[in-house]
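One structure is given below, encoded as structure tokens.
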Protein chains: 2
Amino acid sequence: MARNVLTISPSLEDYLESIFVIKQKKQTVRVKDLAKHLKVKAPSVVEVLRKLKEKNLIVHEYYGYIELTQEGINKAKAVYGRHIMLKKFLHQILGIDEKIAETDACRIEHYLSKETLERIIKFIDFIETCPQGEPEWLNNFYYFVKHKKRPLECKAKFLGGNSQNNIVKLSDLKVGAKAKISKITDTGILKSKLLGLGFVKGEILKIEKVAPLGSPVDVLIKNTHISLRKEEAEKVIVEVL
Amino acid sequence: MARNVLTISPSLEDYLESIFVIKQKKQTVRVKDLAKHLKVKAPSVVEVLRKLKEKNLIVHEYYGYIELTQEGINKAKAVYGRHIMLKKFLHQILGIDEKIAETDACRIEHYLSKETLERIIKFIDFIETCPQGEPEWLNNFYYFVKHKKRPLECKAKFLGGNSQNNIVKLSDLKVGAKAKISKITDTGILKSKLLGLGFVKGEILKIEKVAPLGSPVDVLIKNTHISLRKEEAEKVIVEVL
DNA sequence: TAATTATATTAGGCATCCCTAACTTCGTCA
DNA sequence: TGACGAAGTTAGGGATGCCTAATATAATTA
């Protein structure tokens with residue numbers, strides 16, 4: 001498959017990017033600098049340099065320094081920009097360790113579509129221009145990663161005001177709440193009825209509507225809407241997610 | 001570099017994954033199915049099958065059907081799981097077009113570290129188990145992508161109650177608000193003073209603290225804390241971000 | 001300035017992953 | 001049953017991207 005001058009291979013992009021990066025710190029760029037930076041041997045570098053030269057992306061004289069042409073600079077900047085964005089996304093937003101973020105960014109930067117890259121840039125922008133600075137939900141995410149559950153205050157607005165933890169009666173939930181069934185406290189007919197409706201331990205449900213006086217409650221469970229009277233809802237103990 | 005049986009190349013992973021996927025729809029998997037699915041020619045498939053056979057990941061008799069061994073199934077499931085997660089992340093969270101998400105997932109699934117993949121899975125989990133269902137901030141993000149600005153209600157809590165749009169006096173902002181300076185309404189000494197402090201059009205600032213009666217206001221601008229009296233803060237017109 | 005060391009280049013080779021062309025086998029249907 | 005088309009295989013080759021070993025040039029220093 002013939003590659004034109006506009007689309008270059010991932011490897012060439014890496015070399016171009018490295019030349020750009022090294023140039024920023026060191027003024028001069030040599031074969032050994034590139035070899036070290038990219039963790040390859042010198043002959044590999046020389047071979048790639050020949051290709052970059054053919055495509056007019058660099059200037060390189062025998063045994064001399066390596067310089068980017070204007071076209072090379074443009075391309076390198078584009079590649080480097082992508083790299084920086086991806087790393088930022090992985091490290092500063094997803095919270096991945098910096099070194100791993102660096103490696104991953106390096107590896108995937110050549111393979112993502114323009115659309116995805118632009119969306120990621122928008123995502124970063126969305127977070128950085130958040131009116132409150134670091135948005136609350138992002139901190140909740142870090143908490144979630146660390147403790148494997150959401151912080152309580154994050155759930156507070158979905159609980160009735162009187163509960164200290166997140167194990168409550170279904171009847172105490174507000175609209176929009178998602179919860180996992182943990183127990184049914186009735187032993188009679190009601191329990192059989194609830195079980196029959198799908199109110200089984202471990203099942204996830206969501207509160208769709210609550211009538212003014214708390215009865216009936218419209219619950220979405222297993223993709224079905226079920227209407228519970230208050231007496232029934234009080235018998236279902238759930239854990240707010 | 002010798003690859004052991006545990007780590008296989010990106011291409012082999014793709015073939016394994018395809019066998020798994022085709023098997024789910026069709027019961028039998030043949031060379032031509034794989035060729036079509038992976039958009040390669042038959043001889044390429046045959047070559048890879050030989051390698052997969054050597055590694056005991058598939059069973060394949062001369063001119064016969066292709067079957068995964070138990071080890072092959074395990075590996076394929078792992079790869080496929082990664083793929084599904086990545087696609088979900090790109091499509092359902094970042095909002096990328098489904099086809100593009102599919103392609104991108106395909107391309108990067110082999111290159112992401114375990115850490116990043118796990119974090120992405122956590123991110124999906126974080127969103128899917130959100131007590132309110134689709135979290136508000138995510139919808140705000142989609143709005144942001146579409147309209148290039150946040151919805152007003154998203155900014156409302158950082159504005160004084162009386163403003164209808166997001167161009168307000170600095171003195172109306174609450175703690176935590178980020179805003180961009182749009183104008184200084186004083187023409188005298190105050191203006192020079194403010195300009196001197198860095199209150200230039202276009203500059204981004206953040207409200208750090210507001211004293212009980214609205215004076216002074218502690219503003220973070222260009223990484224410096226500056227304390228403004230109410231009379232000064234009233235002269236700075238800003239756009240809430 | 002000549003010897004030594006550091007750096008760059010050339011030559012040739014290997015693994016991956018794809019291809020075309022030619023050939024073999026399988027299944028089906030006249 | 002045997003011929004024909006579809007599917008699978010073999011042989012050989014090309015691009016990419018890396019390597020080692022040998023060689024050429026540049027830089028340094030005795």
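Computed from a predicted model, the values in this text were never measured in an experiment. Note on naming: letters A, B, ... go to the chains in the order of the sequence lines (proteins, then strands), and numbering restarts at 1 for each one.
Proximity of B:His110 to the phosphate of C:dT16: no side-chain N or O atom is located under 4.0 Å from OP1 or OP2. The shortest distance between the side-chain N/O atoms of A:Ser9 and the OP1/OP2 oxygens of D:dA15 is not below 4.0 Å.
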Show each protein N/O and nucleotides 5-7 of chain C N/O combination with a separation under 3.5 Å, one pair to a line.
residue : atom : partner : partner atom : Å
C:dT7   : OP1  : A:Lys32 : NZ           : 2.7

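Positionally, the nearest nucleotide of DNA chain D for A:Lys51 lies more toward the 5' end than for the other of A:Tyr65 and A:Lys51.
Counting to the nearest Å, the P atom of D:dA6 and the CG atom of B:Asp33 are 16 Å from each other.
One N or O on the side chain of B:Thr224 and one on the backbone of B:Lys222 form a donor-acceptor pair closer than 3.5 Å. Side-chain N or O atoms of A:His225 include none that pairs as donor or acceptor with a backbone N or O of A:Leu220 at under 3.5 Å.
Between A:Lys149 and A:Glu239 no salt bridge is recorded (no basic side-chain N to carboxylate O distance below 4.0 Å). For the pair B:Glu17 and B:Lys75, the salt-bridge criterion is not met [side-chain N within less than 4.0 Å of a carboxylate O]. For B:Arg50 and B:Glu54, the salt-bridge test passes: some basic side-chain N is under 4.0 Å from an acidic carboxylate O.
Here the straight-line distance linking atom CD of B:Glu203 with atom CG of B:Leu197 works out to 12.0 Å at 0.5 Å rounding. To the nearest 0.5 Å, atom CD of residue A:Glu67 and atom CD1 of residue A:Ile73 are 8.5 Å apart.
Non-hydrogen atoms lying under 4.0 Å from DNA chain D are contributed by A:Val40, A:Lys41, A:Pro43, A:Ser44, A:Glu47, all within residues 34-50 of chain A.
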